[in-house]
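Order of the sequence lines sets the chain letters (A, B, ...), proteins ahead of strands, with each chain counted from 1. As the structure is a computational prediction, the values presented were derived from the model and not from experiment.
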Amino acid sequence: MRVTSVRGDAEVYEKHRDELTRFARVLVGRDDAPDVVSNVVTRVLASGRSLAGLREPRSYLMKAVLNESRSVIRKRRVSSAAIQPHYDRLVDYRIGEAVAGLPPRQRAVTFLAYWGEMTSSEIAELLGMRPGTVRRYLHLAREKLRGVLDANQ
Amino acid sequence: MPISDTELRGTVRHVYQKMVDDSPLSPEWGELPVPPLRTTNERRSPNGLVAAMAAVVVVLVAVGGTLWIVRTSAPSVGPGPIAEAPARVVARVTVVFSPGEVTDAQFDVFGDVVANYGPDTDVEFIDEATADKQARDHAAGDPDTLAVLDQRPDVAASYAQVGFTDLDEAPAFQEQVGELDFVVVAIGSNGPLLGRGDSDLPAMSVEQDSIRGAVWQFLYNLDLPQQIRSNEPETPGSDLPVGDGGIVATTVSVPSELIQDGVDLQNRILADGNVTLQELEQAVAAMAECMQSRGLNDVTWSVDPDGNGFSSGYTATFGDTEDAAIATLCRYSYIEQLYP
């Protein structure tokens, strides 16, 4: 039984690992992202839970990654530079800076909306927020990013 | 010329693509650190995880009359009790603090305490200036709400957390508050504040109540100065409705020690898990007696028979701070656990 369960946990982990790491990378940067994902999974298992037994493992783990990332940001004071890749265009660099300066939850919902092409309802379901809250975060983030782009025109 | 939505979306998407471009590399399953075993009956406590991580299994084996102590390392991961993730956020806790009031180390402890309740707890730490700014952003263009914020900066956290924009949207706001299940804690130079949605909120779940307990434990440990704001409501510790939205902020000075009689009474009432109207009346009367016996003038009290709560009052006696300390002590000793 134990072997079966661990194998099930491994399958769940492998299935979601890349998505979780991408998500964490946007939130805390490439250096800390693997640790965030690792910590989340280890904490779930250490608490006696089974990944394979979670009703909605993707949603559960994404929420956990968001919370763990916020904790990392708070404790380590992650600078925006930590998540910045190399950009070819100045406008991308400036938008990148603005994105990195967004509060984690605004960054999370804009990533899922713009990169993941998810609707507000889908994001809300995934992250356990109300759709109205997601729309509010998107609105606030969009206003900031629009300001950067307009200034760059 | 303002940038179009399409261009904004395209540019932001491109930036995010750059951020995640490198192939993500998290540890393989086999490379994950082996988590410690957590026993099924281990109580979830602030130090539970730490205790589990430090656990070493000691087995007593009796062989032929000789007692052997066998010490083993923690077993590898087992299936453990399967607990399904709740479908919603259990509680949202916003901690608002004044820089310098609370150290990073204290926040780390608090963060770990709350995090131990799982990823279904949404905790946010912001300073007072941020809370105020967020609240004003949400209330932009609404002079009524802005006026309230000017009068009660301590409720900014509630406004910021709920994020409504217009008090005229009361029904929608009520609906939102009803689903938020949030606890807001503001810690500032004037003492701590704990707020929650109004009485339309359903009773706290066990998890929320535990988190609330963790919040209070955290506040006690801070040993903040026992001060009351000068613009407190007439009865410190009473519920103050703000605006038509129905949000209620409860401002308290945390008593350093409770009255044992009151604690015992609350425990007796809570023994069966229910608080009847009669029991609430008994507790409120005892609270009023407590206030009166400590010298407060003209103590009054009442309990709403429809279950909408209770009220109490007194007239100024010794001075704002002293009166408030008595009222708060009595409230927390006799009522708080019954009527959070």
Side-chain angles (χ1 to χ4, degrees), chain A residues 1-2 5-6 9-10 13-14 17-18 20-22 25-26 30 33-34 37-38 40-43 45-50 53-56 59-60 63-64 67-68 70-71 74-75 83 85-87 91-92 95-96 99 110-111 114-115 128-130 132-133 136 140 142 145-146 149-150 153, chain B residues 1-3 5 7-9 11-27 29-30 32-33 35-40 42 44 49 52-53 77-85 87-89 104 107-108 111 115 118-125 137-138 163 176 179-180:
Chain A
M1 284 299 290
R2 173 174 297 183
S5 176
V6 171
D9 286 345
Y13 176 73
E14 295 297 342
R17 180 172 66 128
D18 286 357
L20 296 172
T21 309
R22 272 195 297 268
R25 179 172 284 193
V26 166
R30 64 191 63 203
V37 175
S38 178
V40 162
V41 172
T42 306
R43 185 172 294 168
L45 295 174
S47 70
R49 298 182 182 201
S50 155
L54 297 173
R55 190 169 51 197
E56 298 284 353
S59 173
Y60 187 97
K63 281 187 288 187
N67 280 344
E68 176 73 9
R70 293 170 66 204
S71 177
R74 177 174 57 82
K75 288 180 181 174
I83 69 170
H86 172 75
Y87 296 110
V91 64
D92 291 344
I95 282 290
V99 163
T110 51
F111 171 67
Y114 290 165
W115 190 86
M129 299 174 178
R130 284 173 47 81
T133 304
R136 179 164 63 87
L140 292 170
R142 201 158 42 223
L145 299 175
R146 187 185 294 281
L149 277 176
D150 284 345
Q153 291 268 305
Chain B
M1 185 174 140
I3 192 165
D5 278 346
E7 193 174 352
L8 174 68
R9 176 177 284 267
T11 306
V12 175
R13 180 184 161 83
H14 174 69
V15 164
Y16 275 130
Q17 182 62 48
K18 295 284 283 185
M19 286 182 181
V20 299
D21 234 359
D22 299 338
S23 56
L25 285 178
S26 268
W29 174 254
L32 284 173
L37 179 71
R38 178 173 174 150
T39 58
T40 53
E42 184 178 340
R44 185 178 272 196
L49 189 59
M53 293 179 79
V77 186
I82 294 178
E84 289 192 340
R88 63 184 179 82
V89 173
D104 279 354
F107 269 119
D108 287 347
D120 310 309
T121 304
D122 199 358
V123 188
E124 183 173 45
F125 296 87
D137 283 348
H138 296 316
Q176 196 172 19
E179 292 184 16
L180 271 176

| Among the listed options A:Glu14, A:Arg146, A:Arg142, the residue most often paired with chain B at heavy-atom distances under 4.5 Å |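 The candidate making the most pairs under 4.5 Å is A:Arg146.
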| Non-hydrogen atoms of B:Val15 and A:Asp92 that approach each other most closely |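 Taking every non-hydrogen atom into account, CG2-O, 3.6 Å.
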| query | Do you know the tightest heavy-atom contact between B:Met19 and A:Arg25? | reply |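 Closest pair (atom of B:Met19, atom of A:Arg25, distance): O-CD, 2.9 Å.
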| task | Drop me the distance from B:His14's NE2 to A:Trp115's CH2, to the nearest 0.5 angstrom. | result |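 CH2 of A:Trp115 is found 14.0 Å from NE2 of B:His14.
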| Which atoms of A:Ser59 approach chain B - backbone, side chain, both or neither, heavy atom under 4.5 Å |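 For A:Ser59, no heavy atom lies under 4.5 Å from chain B.
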